[in-house]
Protein chains: 2
Amino acid sequence: MSTDRHLPETIDTARPEAIQPALRAGSPAACAAPCVISKEAEDLVRDLLVRFGDKWSMRVMDELYERGALRFSRLRESLQGISQKMLTQTLRQLERDGVVARRVYAEVPPRVDYELTPIGIELAEALCGVWEWAIRHEQRVAALRAAFDSQLAAGAKPASRDD
Amino acid sequence: MSTDRHLPETIDTARPEAIQPALRAGSPAACAAPCVISKEAEDLVRDLLVRFGDKWSMRVMDELYERGALRFSRLRESLQGISQKMLTQTLRQLERDGVVARRVYAEVPPRVDYELTPIGIELAEALCGVWEWAIRHEQRVAALRAAFDSQLAAGAKPASRDD
DNA sequence: CTGAATCCCTTTGGATACTG
DNA sequence: CAGTATCCAAAGGGATTCAG
């Protein structure tokens, strides 16, 4: 009777009823600083997420976090597949935000190395929260995605049965 | 002696020397679960950052986090400026990942509402770590960016004096 | 009211070639 | 070795139109 991709009963898996606003109010896991932020900070957060969500920033951060200072070439080897352009561009952005420090040695063969700054390390660690979430729910998310895609496929087909 | 945008002395502000690998090893703020992750989880993290770093996902999440279940129109009003296409698209992605639950009411005028799932709330809270970092360093980052841009401007000019 | 489909512009990212 | 510049393909995202 429902040609919709979703049936009212279907969303039961998510159990929205189980998450009342009260939960949020008294949630023990809620962030220490209540998420009431200035406009500037909010922009910065989104800006950050955009940055680290791009194709390479997180990898660069991770490499520098794991291995300390690295020079351009070394970094490029590690992040195998990155183009020189993107590595430069990515490093510039990170440097501009003060999370990566760039050191130039005035030598005959140019030498430059990069390293996380203290606030860069802080940021890397802050990202661990998301990281941990991903670990916790990796399986679940994969399953949910699969289920979602199946529903899509099923809904697309003429046989719109709804159990 | 240096025509480079950066002088070796310049990066002193970042003090890379101050962040030895030892710091990371024993860092008290380091994530509980060491950041040694499976390939799948890493992909998922990047995927997540991409998602929430886009133009609207975080806003949607935030609205739902703050106000609980909301219907499409209501959500669209709140996220003023979002196009219908992007709201739908964003919600689909979030739903697919299981962080947002969609509920359809089989009524004459179609009604649909959206709400964070339990793991969606968890994720929102995990993002608070980044959020808090942004709050802590908002000023600093702004200053660093300004300084960086100034240096760029200065370096771009023909007068490449270096102290 | 909700949302799919289309058109179109902007941004992102990769390959390549060129400089100090 | 490190980095800039250019060209080009692909993805993101907005406005508009159409449909259940």
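Proteins come first, then strands; the chains are lettered A, B, ... in the order of their sequence lines, and each starts at number 1.
Side chains of B:Tyr114 and B:Glu95: a donor-acceptor N/O pair is absent below 3.5 angstrom, by distance only. For the residue pair B:Ser78 and B:Arg67, a side-chain donor N or O sits within less than 3.5 Å of a side-chain acceptor on the partner. Under 3.5 Å, the side chains of A:Ser83 and A:Arg76 contain no donor-acceptor pair of N or O atoms.
Checking the phosphate oxygens (OP1, OP2) of D:dG3, a side-chain nitrogen or oxygen of A:Arg102 falls inside 4.0 Å. Neither OP1 nor OP2 of D:dC1 sits under 4.0 Å from any side-chain N or O of A:Arg74.
As rounded to whole Å, 10 Å separates atom P of C:dG3 from atom CG of B:Asp113. Atoms CG (A:Leu91) and C1' (D:dT4) sit 15 Å apart, rounded to a whole Å. One interatomic measurement links the two molecules: CG of A:Leu87 to C1' of D:dT4, which rounds to 14 Å at whole-angstrom precision. Rounded to an integer number of Å, the gap from B:Met58 CE to D:dG13 P is 13 Å. We find that CZ of B:Arg51 is positioned 15 Å from P of D:dA11, with the value rounded to whole Å. Rounded to an integer number of Å, the gap from A:Glu77 CD to D:dC1 C1' is 12 Å. The nearest whole Å value for the distance from the CG atom in B:Leu79 to the P atom in D:dG14 is 12 Å.
Using modelled atom types, no side-chain atom of A:Trp131 and backbone atom of A:Ala124 make a donor-acceptor pair closer than 3.5 Å. Between the side chain of B:Thr117 and the backbone N or O of B:Ala101, no donor-acceptor pair lies under 3.5 Å.
With sequence neighbours left out, B:Gln80 forms a side chain to side chain contact (heavy atoms under 4.5 Å, CB included) with no residue at all. B:Glu122 meets the side chain to side chain donor-acceptor pair (under 3.5 Å) test with A:Arg136, A:His137; sequence neighbours excluded. Shown here are the side chain to side chain contact (heavy atoms under 4.5 Å, CB included) partners of A:Lys55, two or more places apart in sequence or in another chain: there are none. Residues passing the side chain to side chain donor-acceptor pair (under 3.5 Å) test with B:Glu77, sequence neighbours excluded: B:Arg74.
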Which dot-bracket string fits DNA chain C when only Watson-Crick or G-U wobble pairs with both atom distances under 3.5 Å count, crossing pairs get [ ], and | stands for a partner on a different strand? ||||||||||||||||||||
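If B:Gly53 and A:Thr88 are placed on DNA chain D by their nearest nucleotide, the residue sitting closer to the 5' end is A:Thr88.
Base contact: B:Pro110 has a heavy atom under 4.0 Å from a base atom.
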Tell me, for nucleotides 12-19 of chain C in 5' to 3' order, what letter each nucleotide earns: B for a base near a protein heavy atom under 4.0 Å, S for only sugar-phosphate near one, - for neither? -BBB----
